[in-house]
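Beneath this line is the structure, given in structure tokens, with notes to follow.
Only heavy atoms go into these numbers, but all of them, side chains included; no hydrogens, no water, no symmetry mates.
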Amino acid sequence: MRLLLGVTLLVAFHIELIQFVYAENRITNGELAKSGQFPYQVGLNISFGNTSTWCGGTLISHLWIVTAAHCVDKAERATVYLGAINITNKFETGQKRYHVNKSSIIVHENWTISTVANDIALIELPIFIPFTDRVRAAYIPRNLNGSYSSYEQKTAYASGWGRESDKSSSVSATLRFVAMPIMQHSLCKMYWGGALSEKMICMSTNSGKSTCHGDSGGPLVYKDNDTNYLIGITSFGLSMGCEIGFPSIFTRITSYVDWIQQHTS
Ligand SMILES: *[C@@H]1O[C@H](CO)[C@@H](O)[C@H](O)[C@H]1NC(C)=O
Ligand SMILES: *[C@@H]1O[C@H](CO)[C@@H](O)[C@H](O)[C@H]1NC(C)=O
Ligand SMILES: *[C@@H]1O[C@H](CO)[C@@H](O)[C@H](O)[C@H]1NC(C)=O
Ligand SMILES: *[C@@H]1O[C@H](CO)[C@@H](O)[C@H](O)[C@H]1NC(C)=O
Ligand SMILES: *[C@@H]1O[C@H](CO)[C@@H](O)[C@H](O)[C@H]1NC(C)=O
Ligand SMILES: *[C@@H]1O[C@H](CO)[C@@H](O)[C@H](O)[C@H]1NC(C)=O
């Protein structure tokens, strides 16, 4: 596999990816997160009838979570984990769990699975969440000065628990993260071709660190001094991408600022 895949091949390839990438997304060779390091990180145990799946999300206010559409589309309910590092320890200090129903989930109206377009959804929490050292919202970038900031070449943090395999719903117990540069869109396009839209943002996975992105739905955050800006939602990638340096793709938050505002105000 070389950089420039034919567009046709890429599309077929891409669709196949959706099957296993959703399941394989995980932080590889990431570092263990410390308590309070990613206070905006949300864990989601999502139920579809009698099956369940694990995803990440991001707290963006006292009431709202952003996640990926592909995680929650057609879900019946979900358990939301806030302030967690070890999700198997329900007595963990600062960890809180909330149950939400289908009626609290808003999937983007133009979410399209075949192209992974508009892979974004919102979850409304049942109560107003007070912020603490371990639970705190990330900011949606708002000062866009007409056109959005691309964040190209900036270092960003992807975090998540990551599933262990396709079939199991078991996840890694503890939160991990990687810090990697945002790839130039034009360069990313050489890998992904027509599968990459302007509403997506790419994270480099090369430099031999064999890092993958975090759990589906989870955060890609740019840290400006002490402020966490949510710039992406983990969407898709190549699971072998870690070895061959294929960039991971995230939903670009700055393309959805208005949509988020409309539905959360
Ligand atoms: C998610 O919830 C189901 C029960 O609805 C449970 O069987 C499963 O272990 C949970 N997954 C995780 C990762 O906690
Ligand atoms: C899951 O639910 C479906 C429909 O309600 C049912 O037919 C199926 O047997 C259930 N599977 C398990 C493993 O419980
Ligand atoms: C996570 O919590 C479980 C349950 O309390 C515990 O058995 C396990 O050792 C913890 N894992 C880590 C890495 O701390
Ligand atoms: C979810 O639905 C169940 C059953 O309809 C209800 O008992 C529960 O209160 C609802 N929870 C929320 C957070 O709305
Ligand atoms: C969804 O797509 C329709 C048709 O292209 C468009 O009119 C509408 O504005 C889109 N909705 C959003 C929220 O982007
Ligand atoms: C956006 O505008 C603000 C003030 O209006 C300015 O401080 C900031 O540097 C501008 N940012 C960019 C990326 O141009």
Side-chain angles (χ1 to χ4, degrees), residues 1-11 13-14 17-18 21 25-31 56 58 66 68 70 115-120 138-160 177-225 227-260:
M1 250 172 303
R2 286 283 162 236
L3 286 194
L4 287 160
L5 299 169
V7 171
T8 319
L9 175 60
L10 190 62
V11 171
F13 201 36
H14 180 64
L17 285 181
I18 295 168
V21 168
N25 281 349
R26 58 169 188 245
I27 299 288
T28 58
N29 291 345
E31 295 173 54
T58 307
V66 169
H70 79 255
T115 55
V116 209
N118 306 304
D119 194 6
I120 184 170
Y139 286 85
I140 299 295
R142 284 187 203 280
N143 185 7
L144 308 175
N145 295 10
S147 71
Y148 59 78
S149 179
S150 70
Y151 301 99
E152 287 178 2
Q153 327 266 25
K154 305 259 196 228
T155 297
Y157 291 79
S159 46
F177 72 96
V178 292
M180 292 297 282
I182 301 301
M183 187 182 268
Q184 280 173 291
H185 208 74
S186 52
L187 180 56
C188 190
K189 199 102 188 161
M190 297 210 290
Y191 291 84
W192 287 100
L196 183 74
S197 87
E198 293 297 323
K199 295 178 172 180
M200 297 170 182
I201 187 167
C202 306
M203 188 180 83
S204 168
T205 60
N206 56 16
S207 42
K209 271 184 80 180
S210 87
T211 47
C212 275
H213 43 92
D215 245 333
S216 284
L220 179 69
V221 159
Y222 170 60
K223 288 176 184 278
D224 189 3
N225 294 318
T227 310
N228 297 310
Y229 288 104
L230 180 66
I231 62 172
I233 302 167
T234 303
S235 183
F236 66 96
L238 206 55
S239 71
M240 311 90 88
C242 312
E243 282 114 295
I244 65 172
F246 240 73
S248 306
I249 311 296
F250 297 76
T251 307
R252 184 187 292 274
I253 289 293
T254 51
S255 302
Y256 296 94
V257 171
D258 291 345
W259 184 84
I260 293 169

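Judged as a ring-ring contact (aromatic ring centres under 6.0 Å, His included), and not counting sequence neighbours, Tyr229 has no contacts. Judged as a side-chain contact (heavy atoms from CB on, under 4.5 Å), and not counting sequence neighbours, the contacts of Ala138 are Tyr40, Thr58, Asn228, Leu230. Here Tyr157 pairs with nothing under the side chain to side chain donor-acceptor pair (under 3.5 Å) rule; sequence neighbours left out. Applying the side-chain contact (heavy atoms from CB on, under 4.5 Å) criterion to Glu152, with sequence neighbours excluded, gives Ser150, Gln184, His185. Residues passing the ring-ring contact (aromatic ring centres under 6.0 Å, His included) test with Tyr139: none are found, sequence neighbours excluded.
In Lys154, the NZ atom is not crowded: 12 or fewer heavy atoms of neighbouring residues, nucleotides or ligands sit closer than 6.0 Å.
Taking both residues in full, the closest heavy atoms of His70 and Asp119 are given as ND1-OD2, 2.7 Å, listed atom of the first, atom of the second, then distance. Nearest approach of Ser216 to Ser235, heavy atoms of both residues: OG-O, 4.3 Å.
For the pair Ile182 and Leu220, the minimum side-chain heavy-atom distance is below 4.5 Å.
Lys189 places a side-chain N or O within donor-acceptor distance of the main-chain N or O of Leu196, the cut-off being under 3.5 Å.
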Practice problem: List the steps, then state whether side chain to side chain contact (heavy atoms under 4.5 Å, CB included) holds for Trp192 with Met200. | Solution: CA-CA 11 Å; Trp192 287 100; Met200 297 170 182; over 6 Å; no
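Note that OG1 of Thr234 and CD1 of Ile249 are 11.0 Å apart. Values are rounded to the nearest 0.5 Å.
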